[in-house]
Amino acid sequence: MNRKPPVFNGEIDPIFSSTWIMEIEGTFDTSKCVDEDKVICAATMLKGEAIHWWGMVKEVRGRDAAKRMTWDEFTKIFKEKFFPQTEVKQLEEEFLTLEQGNMTVREYTTKFTEKARFAEFYVSTEERRVERYIWGLKTVIREFVEIQKPGTFQSAVDVVEGREREKNH
């Protein structure tokens, strides 16, 4: 608790919910939380609608069974509740049509990374991630980056950010 773990209020939002999972797992790592305590620790950070959901889980499964649940089991039922498939599918569609448009490179990169979590098939390898990222860039930037042939996502981002800085000076 000294690490100030994030609170989750029960938002039905895959981006927000997946961010909470990543943050709470980061808290587990820094606090060296043992596997047996992860669900109990996470449950203490549930508030609002989320605490009511957890109460129903304990009621249905039994308090002891809920306490013995593994972290993988918890995240599975958590995702079933807070990552509705219709919204995950919508995020995947948004990812597939994501283009830089009027966004800055940084804004585009942030949206790309955020939505890529829900379209894992399309970015399943580093090569596919780089190709998809470059595909969504403005034509003038895309052509420049393709000539550079970046081998990693980070090197593609570095090239794109460098190009944007050159154009703005």
Side-chain angles (χ1 to χ4, degrees), residues 1-58 60-61 65-101 103-137 152-157 160-161:
M1 287 303 197
N2 291 342
R3 305 259 184 231
K4 303 233 186 310
V7 167
F8 183 74
N9 291 305
E11 293 82 352
I12 306 289
D13 177 338
I15 293 173
F16 190 86
S17 302
S18 66
T19 300
W20 181 78
I21 291 283
M22 287 188 285
E23 289 176 355
I24 201 84
E25 287 175 342
T27 301
F28 294 158
D29 291 344
T30 57
S31 64
K32 296 178 177 51
C33 185
V34 294
D35 288 343
E36 305 83 67
D37 293 340
K38 288 180 179 179
V39 173
I40 294 167
C41 291
T44 64
M45 300 316 298
L46 300 175
K47 307 291 183 224
E49 288 301 313
I51 196 67
H52 295 296
W53 164 78
W54 181 241
M56 288 193 326
V57 168
K58 290 190 299 188
V60 169
R61 291 180 179 233
K67 286 180 187 176
R68 289 191 309 273
M69 185 183 298
T70 67
W71 181 245
D72 285 343
E73 289 173 299
F74 177 87
T75 57
K76 183 178 185 288
I77 64 169
F78 179 90
K79 288 176 181 178
E80 287 170 2
K81 172 66 177 172
F82 300 107
F83 290 35
Q85 282 307 301
T86 54
E87 292 195 28
V88 170
K89 203 73 173 141
Q90 180 181 338
L91 287 167
E92 182 179 331
E93 291 295 322
E94 288 173 15
F95 175 76
L96 292 174
T97 58
L98 181 64
E99 293 183 23
Q100 183 182 0
M103 289 184 270
T104 65
V105 167
R106 181 149 297 151
E107 290 167 338
Y108 170 68
T109 303
T110 298
K111 282 211 179 293
F112 180 92
T113 304
E114 188 177 81
K115 293 181 188 306
R117 293 183 283 175
F118 303 98
E120 292 173 352
F121 171 78
Y122 300 98
V123 292
S124 58
T125 66
E126 190 71 5
E127 183 180 352
R128 290 182 84 164
R129 182 177 295 268
V130 170
E131 285 174 7
R132 178 56 66 172
Y133 177 75
I134 292 171
W135 175 88
L137 293 167
T152 65
F153 176 70
Q154 188 56 53
S155 63
V157 171
V160 172
E161 286 181 346

> So T27 and M45, side-chain contact (heavy atoms from CB on, under 4.5 Å) or not? Walk me through it.
Replying inline: CA-CA 11 Å; T27 301; M45 300 316 298; over 6 Å; no

> Is the gap between the ring centers of W20 and F82 under 6.0 Å?
Replying inline: no

> Measuring from E25:CD to T75:OG1, what's the distance to the nearest 0.5 Å?
Replying inline: 7.0 Å

> Should L137 and F112 be marked as a side-chain contact (heavy atoms from CB on, under 4.5 Å) after you check the CA-CA gap, both sets of side-chain angles, and the distance that decides it?
Replying inline: CA-CA 11 Å; L137 293 167; F112 180 92; over 6 Å; no

> Which residues pass the ring pair (Phe, Tyr, Trp, His ring centres under 6.0 Å) test with W54, sequence neighbours left out?
Replying inline: F74

> Going through the distances and angles, do W71 and F28 end up as a ring pair (Phe, Tyr, Trp, His ring centres under 6.0 Å)?
Replying inline: CA-CA 11 Å; W71 181 245; F28 294 158; 4.9 Å; yes

> So, for V123 and R128, which heavy atoms are closest and what is the spacing to 0.1 Å?
Replying inline: CA-CB, 4.2 Å

> Would you find more than 12 non-hydrogen atoms of other residues, nucleotides or ligands less than 6.0 Å from R106 atom CZ?
Replying inline: no

> By side-chain hydrogen bond (donor to acceptor under 3.5 Å, both in side chains), which residues pair with Q154, not counting sequence neighbours?
Replying inline: D158

>> To the nearest 0.5 Å, what is the distance between CE on M103 and NZ on K111?
In response: 6.5 Å

> Should N9 and F16 be marked as a side-chain contact (heavy atoms from CB on, under 4.5 Å) after you check the CA-CA gap, both sets of side-chain angles, and the distance that decides it?
Replying inline: CA-CA 10 Å; N9 291 305; F16 190 86; over 6 Å; no

> So, is the end of the R117 side chain (NZ or CZ) under 6.0 Å from the ring centre of F95 and within 45° of the ring's axis?
Replying inline: no

> Are the side chain of S17 and the backbone N or O of I12 linked by a donor-acceptor pair below 3.5 Å?
Replying inline: no

>> Once rounded to the nearest 0.5 Å, what's the spacing between atom NZ of K38 and atom CG of D72?
In response: 8.5 Å

> Rounded to the nearest 0.5 Å, what separation is found between the OG1 atom of T44 and the CD1 atom of I51?
Replying inline: 8.5 Å

>> Run the ring pair (Phe, Tyr, Trp, His ring centres under 6.0 Å) test against F118 and tell me which residues pass, sequence neighbours left out.
In response: none

> Do H52 and M56 come within less than 4.5 Å of each other through their side chains, counting heavy atoms only?
Replying inline: no

>> If I take atom OG1 from residue T152 and atom CZ from residue R129, how far apart are they, to the nearest 0.5 angstrom?
In response: 11.0 Å

> Tell me the salt bridge (Lys or Arg N to Asp or Glu O under 4.0 Å) pairs involving residues 76-90, sequence neighbours left out?
Replying inline: K76-E80, K89-E92

>> I'd like to check Q100 versus V160 (side-chain heavy atoms, cut-off strictly below 4.5 Å). Are they in contact?
In response: no

> Is there a side-chain contact between F78 and V57 (heavy atoms, below 4.5 Å)?
Replying inline: no

> Counting only N and O atoms by type, is there a donor-acceptor contact under 3.5 Å from the side chain of E49 to the main-chain atoms of E11?
Replying inline: no

>> Using 0.5 Å steps for rounding, measure from the CZ atom of F153 to the OG1 atom of T113.
In response: 4.0 Å

>> If the condition is ring pair (Phe, Tyr, Trp, His ring centres under 6.0 Å), which residues does Y108 pass it with, not counting sequence neighbours?
In response: Y133

> Which heavy-atom pair separates E73 from R68 by the least distance, and what is that distance?
Replying inline: OE1-O, 4.5 Å

> By side chain to side chain contact (heavy atoms under 4.5 Å, CB included), which residues pair with W135, not counting sequence neighbours?
Replying inline: E99, R132

